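Data first, discussion second: the structure below is written as structure tokens.
Quantities reported herein were computed from a predicted structural model and do not represent experimental measurements. Every chain is numbered from 1 and lettered A, B, ... according to where its sequence line falls, protein lines coming before strand lines.
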Number of protein chains: 2
Amino acid sequence: MELDERKMTILRAIIQNYLETGEPVGSRTISKYTDLNLSSATIRNEMSDLEEMGYIVQPHTSAGRIPSDKGYRLYVDMLMQDKQMEMDNLKLELNAKSEKLDNILKKAAKVIAVNTNYASMITAPRYRKHRIKFLQLTQVDTESLLAVIILEGNIVKNNLIHVNEELTQETLLKLNLMLNTFLQGLDLQEINASVMQKMRNESGGYSALISDILDVIATSLESEEVEAYTSGSTNIFKYPELNDSAKASTLLSALEEKKQLTELMYQEGDSERGIQVYIGDESPLEATKDCSVVTATYHIEEGVYGKIGIIGPRRMDYEKVVGTLKNLMSELDQIFKKDK
Amino acid sequence: MELDERKMTILRAIIQNYLETGEPVGSRTISKYTDLNLSSATIRNEMSDLEEMGYIVQPHTSAGRIPSDKGYRLYVDMLMQDKQMEMDNLKLELNAKSEKLDNILKKAAKVIAVNTNYASMITAPRYRKHRIKFLQLTQVDTESLLAVIILEGNIVKNNLIHVNEELTQETLLKLNLMLNTFLQGLDLQEINASVMQKMRNESGGYSALISDILDVIATSLESEEVEAYTSGSTNIFKYPELNDSAKASTLLSALEEKKQLTELMYQEGDSERGIQVYIGDESPLEATKDCSVVTATYHIEEGVYGKIGIIGPRRMDYEKVVGTLKNLMSELDQIFKKDK
DNA sequence: GTTAGCACTCAGACCATTTGAGTGCTAATA
DNA sequence: TATTAGCACTCAAATGGTCTGAGTGCTAAC
């Protein structure tokens, strides 16, 4: 059987109608809804064909039809190659000048959630390897040193180190110089035993302190799970099909935990560019089997990127979501470009 | 009428039973549950009295009784002055040495949520006024300066500032010296126009930069909303009485927003010490009218403290919750003491 | 190829009935 | 006088039957 023009129109009508109402849609509805001027009986025949081809399903005999994952997929694919969206204006109100990365991201997540009425999640950019760009120790008071570590991409980490004796200005300068000489441009793997040994040798009696500092660096680089922010997770209550306590609970847990979702977003073959759509069972994540997840990538610099995700019901308004995401992506790209 | 020994016992039995089951409890149950050896009829008489006194209510005629807010209140008050809890061992697994404040707090929130099966929230310590302890500018690369600001209580803030020209080492030293001389020990209110003017005068041509820096400081200090972490928010699905979508939704929104809850925790008359219990309508917060909220305070140093909160159903296991909180409070106090 | 008509299906609403847990009251008992 | 047994009563929730309406598939007519 062939998926001709008319079948397409009907399928599209079914999907759009279902997106609006959330109820299975019947033949009579479609016969009125479209401008094809076909009777419900004809529609029934076509629908029966569409069902056979797997694009729609009946939740039970004598109910209307709802789109299957395959049907959504077709619809989404059609959308994707379709005309460029007209952009509805969404702006991050940021005085970007002194705004920090995490604030920007939090706001972005919120903007998306509010605009789409779905749950959103955004991850901080993931650097392929965290190279040390710059290191600095400063005496804060008699008993503590502040270690500031700047990684490539201007991620700033800091940590207090407790010391017993006050260090002279001179010693600090020396230590700083040494640390930078040895460690600049390295990532965690490259700080191996031999580097560490050399540093200790040259430290002139401060080898204990050096160890402490290396410890701090190690935890800073290592524990770097990708940070993620969510927003609008309670939006899922707006969709009856997700709004039973078992489903809502697993979904919200996933959103709270973030970790799984992060993994999903950084999926293999994510192509680093463009927009990815997981419909229902297509998702490798158990918790989102009843949802659709749309992810997008924003870029900070070559090879450094983060992800935005939207989680909503299968009957998500894909058109709007994809539009909003594209929009926000370029917005973010802008901000980070200006930021340079 | 008087609340004699026997009535107390019965009330306690009703509450405890209701905590376990979540169902209204009837006279027959109590007559078997307690070791008073009274018939259900007698219990009925007593219950009728208790109802008249306002400690229990009937959800509808011919249902069992459930505790009223007043009843819970009595019960909680009894608990509070009761014997010291035996501590069940909960430990934060932390290698506290290099662990940062926010990590400790996140873990604490999690530990509580897991231990109690309620939702938990913890706020970072709130300083009455944020005084600047130490400031430092560092050149990171040709176009950016890193400004590190350490506030009293060792809260570290940092921000990148974009500059057009590279500064000499000497200029930086001078600027740093000046910044510290002028700003050390001040809080935001105290950085007024006259201080700013003086600084600009002495800056020797870097007044634009100084303005930028002051901007950064201002946002760092000002935007200091209390940070808060939540955990286990999905636990609320475990309690049928909260598990309808309207209630769950408002509650979860409150947990996601955090702001309202933070306000609740830093309530007027919070006495800075000890444990506070809000039962149902006692809470000034609309979103938690159907819940109970228990808050506790942990201390970092004189006058600097944060809050832990537990949110659960009215029929919360107050005994356990209060125990756990006391426990964790001392644990946290320990960690922060060691940390000094 | 399209349409009208008809029999059939099934979820959900509606209603009556039953069940069981719980109550209040009264009279008997210790 | 305090306690208890007994009984009539209430009401939520469960059960089960019936009806309704939206929807289908199939067939015959256009």
>> When you measure from the side chain of B:S283 to the backbone of B:G280, do you find a donor-acceptor pair of N or O atoms at a distance under 3.5 Å?
In response: no
>> Using a 4.0 Å cut-off on heavy atoms, which residues in residues 28-40 of chain A reach DNA chain D? List them by number, or say none.
In response: none
>> So if I take every side-chain heavy atom of B:E51 and compare against C:dT3, D:dT4, C:dG24, which nucleotide ends up nearest?
In response: C:dG24
> Counting only heavy atoms not in A:R73, do more than 12 fall under 6.0 Å of its CZ?
Replying inline: yes
> Side-chain N or O of B:S27 less than 4.0 angstrom from OP1 or OP2 on C:dT23?
Replying inline: yes
>> For a quick test of reading the model: is some side-chain N or O of B:R65 closer than 4.0 Å to OP1 or OP2 of C:dT23?
In response: yes
Please table the atom pairs, donor to acceptor, closer than 3.5 Å between any side-chain atom in residues 63-72 of chain A and protein atoms at least two apart or in another chain.
| from | atom 1 | to | atom 2 | distance (Å) |
| --- | --- | --- | --- | --- |
| A:R65 | NE | A:E51 | OE1 | 2.8 |
| A:R65 | NH2 | A:E51 | OE1 | 2.8 |
| A:S68 | OG | A:G54 | O | 2.7 |
| A:S68 | OG | A:Y55 | O | 3.1 |
| A:S68 | OG | A:K70 | N | 3.2 |
| A:S68 | OG | A:G71 | N | 3.1 |
| A:D69 | OD1 | A:R314 | NE | 2.8 |
| A:D69 | OD1 | A:R314 | NH2 | 3.0 |
| A:D69 | OD2 | A:D281 | N | 3.2 |
| A:D69 | OD2 | A:R314 | NH2 | 3.1 |
| A:K70 | NZ | A:M53 | O | 2.8 |
| A:Y72 | OH | A:R315 | N | 3.4 |

> Which atom names give the shortest non-hydrogen contact between A:M316 and A:V294, and what distance separates them?
Replying inline: SD-CG2, 3.7 Å
> Between A:R6 and C:dT2, does any side-chain N or O lie under 4.0 Å from OP1 or OP2?
Replying inline: yes
> For the side chain of A:S62, counting heavy atoms from C-beta on, which of D:dT4, D:dG23, C:dG24 is nearest?
Replying inline: D:dG23
> Of the nucleotides C:dA4, C:dG24, D:dT4, which has the atom closest to the A:A41 side chain?
Replying inline: C:dA4
> Of all the choices, D:dT24, C:dG24, C:dT23, which nucleotide is nearest to the side chain of B:S48 once you look at every atom?
Replying inline: C:dG24
>> Can you see whether B:T250 engages B:S253 through a side-chain donor-acceptor pair at a distance of less than 3.5 angstrom?
In response: no
>> On DNA chain D, compare the nucleotides closest to B:T42 and B:H60; which residue's is nearer the 5' end?
In response: B:T42
>> Under 4.0 Å, counting only non-hydrogen atoms across every strand here, what does B:A63 touch: a base, just sugar-phosphate, or nothing?
In response: sugar-phosphate
> Do side-chain atoms of B:T123 reach the backbone of B:K307 as a donor and acceptor pair under 3.5 angstrom?
Replying inline: yes
> In whole angstroms, how far is the P atom of D:dG25 from the CG atom of A:D49?
Replying inline: 10 Å
